[in-house]
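Note sheet for the following structure.
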Amino acid sequence: MSMELDVRRIREDFPILRRQVNGRPLVYLDSAATSQKPEAVLAAVDRYYRETNANVHRAIHTLGEQATEAYERARARVARFVGAGDPRGLIFVRNTTEAINLVAWGWARQNLKPGDEILLTEMEHHSNIVPWQLVARETGASLVYVRLTPDGELDWADFKAKLGRRTRIVAVAHVSNVLGTVNPVDAICSEAHRAGAVVLVDGAQSVPHMPVDVGAIGCDFLAFSGHKMLGPMGIGALWGRPEILEGTEPLFGGGEMIAEVFPDHSTWNELPWKFEAGTPNVAGAIGLEAAVEYLEGLGMEAVAAHERELSRYAYERLERVEGLRIYGPRPPEKSHAGVVTFNLLSVHPHDLSMILDQRAVAVRAGHHCAQPLMRWLDVPSTARASFYVYTLPEEIDILAEALEEAREYFSHVLLG
Ligand code: 7TS
């Protein structure tokens, strides 16, 4: 198999991959939930706390200045990673969920009115549904969902039909965390802009796995999480077009986000600090910078090619497991990221996941925070294997063999 990355070499950078689970080497196939962390990220966070720790944007002393410089350097690096030349558009938040809420409660609450429409798709994660429901209730706007094709791709004709004069914002996942579908976000942006709507791209499953460039996509907002891209938990980012953010009122008030405070009113700091109230997660931002540096060292084209190859192989291998039903667009004919979702016979995915765990295989089981999509699939839940830079094709073989054993076991149980 042609491999774009030297995966064995990469694995040496991830200490957790040396551990055993139930007496066997860990087979970690749950990177869509969260990724593991390389030494470089662990060391960057550790070094920050050992050598530089101080609050940012406040102190004039050496540590304070070094911490501020490191935090702002991390911002510029993360902004460049997603193709944003101007770091003023890059706001550090906790995760994708917070980034989307910032747009919903900031921009949308201030700009939507009764009759306006928020256009979503049937494959969204709950974090790209629920904030819009709350804001729709508050503003009188309504939610409209683009349908999926039987393959689990966006129904383009339905998108064009539902995008209209009333559409104010389109919020769409770049990559589905369940089906692995890669959505044509650049085409979505040009259509939406023609209709006068802004576009938020949920990049939680794309920014870690493929080259993402906000300029090339043409989106207005991009949300992503550090913990899914080799970085620490508790740090993520919202990128927004600076001209839109300039016109948006802050969401949280407090230290850092102000220019001047009077007893009865305040004026706001400049971008991006206007949206970063209180002491930020400086160590997290520095860890995320180290993650970005690590990914750039591998090359995002190579990362994407590696995962495409793994998902093509996973389909080919898992399709040979009798009784396994696989969902989502089939690679390589269809554009598909490193996520494979399936069910075995009528076995509950939680039971399946427990059996796989006995063999040290970690997959996710459940509704994957995408209940509307589960209803579309007409199943209560699924099991999901997801891949990253450290995933070996041999681990897909181990998964397939464990599934074959599970099928043996359950077919006896199910048939009595
Ligand atoms: N959007 C998508 C497409 C996601 O996959 C996730 C997390 C989120 C948003 C939310 O990210 P968070 O960092 O704010 O939690 N997805 C998953 C998953 O698939 N399994 O666990 C979390």
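Side chains are part of it too, since the values below use all heavy atoms of this structure and drop only hydrogens, waters and symmetry mates. Whatever order the structure lists ligands and atoms in, that order sets their numbers, starting from 1.
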Under 4.0 Å, heavy atoms only, figure out whether ligand 1 is touched by the backbone of [X], its side chain, both or neither.
{"X": "Arg384", "answer": "side chain"}
{"X": "Arg94", "answer": "neither"}
{"X": "His368", "answer": "neither"}
{"X": "Ala33", "answer": "both"}
{"X": "Thr97", "answer": "both"}
{"X": "Glu124", "answer": "neither"}

Looking only at protein heavy atoms, which one is nearest to [atom], and what is the separation?
{"atom": "atom 4 (C) of ligand 1", "value": "His125 CD2, 3.4 Å"}
{"atom": "atom 18 (C) of ligand 1", "value": "Arg364 NH1, 3.3 Å"}
{"atom": "atom 22 (C) of ligand 1", "value": "Lys228 NZ, 3.2 Å"}

Within-shell test, [X] vs ligand 1, heavy atom, strictly < 4.0 Å:
{"X": "His126", "answer": "no"}
{"X": "Ser127", "answer": "yes"}
{"X": "His174", "answer": "no"}

I'd like to know if Arg320 pairs up with Glu401 as an ion pair, taking the criterion as any Lys NZ or Arg NE/NH1/NH2 lying under 4.0 Å from an Asp or Glu carboxylate oxygen.
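No, this pair does not count.
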Considering only NZ, NE, NH1 and NH2 on the basic side and carboxylate oxygens on the acidic side, decide whether Arg88 and Glu243 come within less than 4.0 Å.
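Salt bridge between Arg88 and Glu243, a charged N being under 4.0 Å from a carboxylate O: no.
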Contact atoms of ligand 1, heavy-atom distance to [X] under 4.0 Å:
{"X": "His227", "value": "13 (O)"}
{"X": "Gln205", "value": "3 (C), 4 (C), 5 (O), 16 (N), 19 (O)"}
{"X": "Ala32", "value": "17 (C), 18 (C), 19 (O)"}

Do the side-chain N and O atoms of [X] and [Y] include a donor-acceptor pair separated by under 3.5 angstrom?
{"X": "Thr382", "Y": "Asn343", "answer": "no"}
{"X": "Asp30", "Y": "Tyr388", "answer": "no"}
{"X": "Tyr390", "Y": "Ser35", "answer": "no"}
{"X": "His57", "Y": "Glu72", "answer": "yes"}

If I apply the N/O under 3.5 Å rule, does Ser225 come out as touching ligand 1?
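It does: an N or O of Ser225 is found under 3.5 Å from an N or O of ligand 1.
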Less than 6.0 Å separating the ring centroids of [X] and [Y]?
{"X": "Tyr315", "Y": "His336", "answer": "yes"}
{"X": "Tyr28", "Y": "Phe14", "answer": "no"}
{"X": "His125", "Y": "His368", "answer": "no"}
{"X": "Phe387", "Y": "His209", "answer": "no"}

Find out whether Phe342 and Leu344 are in side-chain contact, i.e. whether some heavy atom of one side chain is under 4.5 Å from a heavy atom of the other.
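They are not in contact (no side-chain heavy atoms under 4.5 Å apart), so the answer is no.
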Relative to atom 2 (C) of ligand 1, which among Asn101, Asp202, Ile235, Val339 owns the nearest non-hydrogen atom?
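Nearest heavy atom to atom 2 (C) of ligand 1 lies in Asp202.
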